[in-house]
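Working notes, beginning with the structure itself.
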Amino acid sequence: MKALAITGNISAALGCSLARPDLIAAYPITPQSSVVEHLALLIAEGKLDSRIVHVESEHSAMSVLSGASLAGGRTFTATSSQGLALMYEPYFRVSTLRLPVIMPIACREMTSPSSIWCGQQDAMSVREAGWIQVYVENNQEILDMVIQGYKLAEDPDILLPMNICYDGFYLSHLVERVELPEQSQVDSFLPPFKQYDAKLDPDDPMAVDPLTEGSILMQYRMSHLAAMKRALTRVEEIDREYAQVFGRSYGGLVEGYRMEDAEIALVTIGSMTGTAREAIDQARSNGVRAGLVKVRFMRPFPAEALRNILAGVKAWAVVDRSVSFGWNCGPLFVETEAAICGSDLARNSSYFSAIGGLGGTDITLDLLLGLLKKVTGNKRQNGKMETVWLDENFLGRVE
Amino acid sequence: MNYLDVLSTKPDMLSPGISTCGGCAMEIALRRVLQIAGPNTVFSIPPGCAAGAGTMGWNFTNGVRIPVHISLLPNMGSMMTGVSQMYQRRGREEVNIIAFAGDGASADCGFQALSGAAERGERMLYICYDNEGYMNTGFQRSSTTTMGSLTSTTPAGSVTHGKAQAQKQLAFIMAMHRVEYVATLSPAYMKDFVDKVEKGLAASKRGFAFLHVYTPCPTGWHFAQDMAIQVARAGVKANITPLFEVEGGVWRQTVKNSRPIPVAEYAKLMKKYEGIDEETLARWQKSVDADADTLARLTK
Ligand SMILES: Cc1ncc(C[n+]2csc(CCOP(=O)(O)OP(=O)(O)O)c2C)c(N)n1
Ligand code: SF4
Ligand SMILES: [Mg+2]
């Protein structure tokens, strides 16, 4: 085993390389660009045997992948914000054609106002496009989830594409220690790519995607949702299998940190989780029974896992790095609230949405400690409280 | 093989009963291309008349004997890049990779992906069938619609009448991508047509090959169903759709047209130019002459 000091983008590239893709296609965009630059270098140096297509847009990147996947190849691309928005048309189609493409998203704000910095608005906005989405905390998890991603996506019971979402700059450009698995370990963990239903091959001719009537289309959607449901279990199983081979487990759908006897809790997603762990530790050392729930998967949404892990908590807040424009809340909060609807937890605890870290602003330790104080103060209340914006004095308010 | 032998002996790959309008020239082009290419082919069509006519199919039935996928309107060039790259990676270079896309999908919405694939020299045969508009969505104008044409978005009115601009010369533009082979084809000149499809297929094994096929549309252009070949021939005679090829940087006019007919004569064959005024006719003639002049110099 080798340990490296690398950025999140290099970690994504190395994870891809270990998975031995047949074809890579991508278009540059900050903060993703160095993922594909590094893959191009590995290919140029003969260290990776893969085709690479230097496309003229993200729409084409995803389109090239769709064709290559239909022709039987393991594929990879990566993007951010505007690139993701441009590729929405083939992006949606890849999932509904059930093609197991892997695409990291180095999360970045959506323009306007013009911004190139971190925010999860890009990835969150496409969570209804049928892809599996995992949000990770650090650079090691990026590499591990690219490898696990192929195993999950290509499982014949799943066959869904997957995004590995990691915070732009905070992870994409931050150097961390990453353990690099041996190629032989990855080869034994990840079987070679196998093609199942949709294919383009003169030896087995078929029409992929004829015009289809609604009653059949509904069966497609039900089958897609059933695969998502099976993914809830497969995620946990693959996490355990991975731990056996590589010695690292991430807890599957959600990870609890010091939740055993927690009275108050923060629910986090992405790189802010690292800071939140420290905030929980400090609160604990001051005698507060605080815990942390790191949500890893947005799709499929881990509703049951969240209900279970939060059961018994008196007050909690969900921290989002993006907004839901239909609500004065973050999207993770909206979905968590939907998940607990009707449960004892909904009746017997108080909870609210916290929004912060937009456009690359830091979610600092101080902000999270202040947030924990606010949550602690709600311990004797019940029900949904007003949304809090994580600015210096928690004064931000949508009137 | 003589072109008549090709057409009379090779099996038909397209269902005899696909639902194009009667007398559709695109249907002739599609049937001939697939017949020449044969079964060892991966084929794709974007949204448009060619896909909508039952080629792609309905529910669990479809209209061709070969693997077929309906690409998105803007991504034919890139989607087929992925297919082509995988066939090369697997060492199956003998498989024909054929795209058959309308003018809207090629010259407008999918132009970027087409240009990208051509510039990269992806190995495929890309065929644009040009019915000079978005026929499948109801005869709207496209960038290859000719000047003065009445379409559903350039209708006849008291202020404007028909399309104001001349058509984009897609084959010229594709030739400037320095691809393996570029040619323009007409269903009215079948020997020339078969030769060029065969050349294009061969070239697609070395790099990008582009064919531009003029396919008059009786329904959208308003002419009788038995007139498509006559209209196609008149288009060539009027220099509106000249037949040429570009190979290894050498331009060659494959069907000479020493005594061109005026565009006004061509316009009379259909209602698409009904009510066109003298001034527009003159401007259109001028632009056709200018393009013919450019072609003459390139093919010298
Ligand atoms: C992104 C996108 N925009 C619009 C459409 C709607 N649409 C379907 S077919 C078509 C016209 C295609 O025109 P062309 O490529 O010339 O083919 P034709 O119908 O003339 O055969 C349009 C606009 C679409 N399918 N996708
Ligand atoms: S509208 Fe025109 S191009 Fe389309 S099927 Fe009918 S005749 Fe052919
Ligand atoms: Mg058209």
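Residue numbers begin at 1 in each chain, while the letters A, B, ... track the order of the sequences. Quick caveat, the model's predicted, so the values are computed rather than measured.
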Derivation of the side chain to side chain contact (heavy atoms under 4.5 Å, CB included) call for B:Met79 and A:Val64: CA-CA 4 Å; B:Met79 192 280 291; A:Val64 170; over 6 Å; no
Leading residue by heavy atom contact count with chain B [cutoff under 4.5 Å; candidates A:Leu70, A:Val53, A:Leu65]: A:Val53
Nearest heavy atoms of A:Val208 and B:Met56, plus distance in Å: O-CE, 3.4 Å
Closest-packed option against chain B by number of heavy-atom pairs under 4.5 Å, given A:Gly73, A:Gly72, A:Gly67: A:Gly67
Interface moiety of B:Asn40 toward chain A, non-hydrogen atoms closer than 4.5 Å: both
Approximate separation, where rounding is to 0.5 Å, of A:Ser215 OG and B:Asn59 CG: 7.0 Å
CZ/B:Arg92: more than 12 non-hydrogen atoms of other groups inside 6.0 Å: yes
Candidate list B:Val42, B:Thr41, B:Asn96, test side chain to side chain contact (heavy atoms under 4.5 Å, CB included), partner A:Pro202, passing option: B:Val42
Side chain, backbone, both or neither of A:Asp204 within contact of chain B (heavy atoms, under 4.5 Å): neither
Pairwise distance CD(B:Gln85) to CD1(A:Ile52) - rounded to 0.5 angstrom: 10.5 Å
Reported CE-to-CZ distance for the pair B:Met86 and A:Arg74, which is rounded to 0.5 angstrom: 11.0 Å
Partner chain A: residue of B:Pro74, B:Pro39, B:Gly116 with the largest heavy-atom pair count (under 4.5 Å): B:Pro74
Residue selection (most heavy-atom pairs with chain B, distance under 4.5 Å) from A:Leu23, A:Asp49, A:Thr75: A:Asp49
When B:Gln88, B:Glu122, B:Glu119 are compared by non-hydrogen pairs under 4.5 Å with chain A, the top option: B:Gln88
Atom OH of A:Tyr27: over 12 foreign heavy atoms under 6.0 Å: no
Side chain / backbone / both / neither for B:Thr55 at chain A, heavy atoms under 4.5 Å: neither
NE2 on A:His59 to CG on B:Leu72, rounded to 0.5 Å: 6.0 Å
Largest heavy-atom contact set with chain B, pairs under 4.5 Å, which of A:Ala207, A:Ser63, A:Pro205: A:Ser63
Contacting region of A:Leu217 [heavy-atom separation from chain B under 4.5 Å]: neither
Top contributor to chain B interface from A:Ser69, A:Ser66, A:Pro90, A:Ala198 [non-hydrogen pairs under 4.5 Å]: A:Pro90
Part of A:Leu200 lying under 4.5 Å from any heavy atom of chain B: both
Value rounded to 0.5 Å, distance of CE in A:Met62 from OG in B:Ser78: 11.5 Å
Closest non-hydrogen atom pair between B:Arg120 and A:Val55, with its separation: NH1-CA, 3.6 Å
B:Arg31 atom CZ, neighbour heavy-atom count above 12 within 6.0 Å: yes
Heavy-atom closest pair, residues A:Ile216 and B:Phe60: CD1-CE1, 3.6 Å
Interchain contact, B:Arg89 with chain A, by part (heavy-atom threshold 4.5 Å): both
Residues A:Ser57 and B:Gln112: side-chain donor-acceptor under 3.5 angstrom: yes
Which residues share a ring-ring contact (aromatic ring centres under 6.0 Å, His included) with B:Tyr3, sequence neighbours left out: none
Option in B:Ile70, B:Ile66, B:Asn62 with maximal non-hydrogen atom pairs under 4.5 Å from chain A: B:Ile70
Contact list for residues 79-107 of chain A, test salt bridge (Lys or Arg N to Asp or Glu O under 4.0 Å), sequence neighbours left out: A:Arg93-A:Asp209
Whether B:Arg90 side chain and A:Ala71 backbone form a donor-acceptor pair below 3.5 Å: no
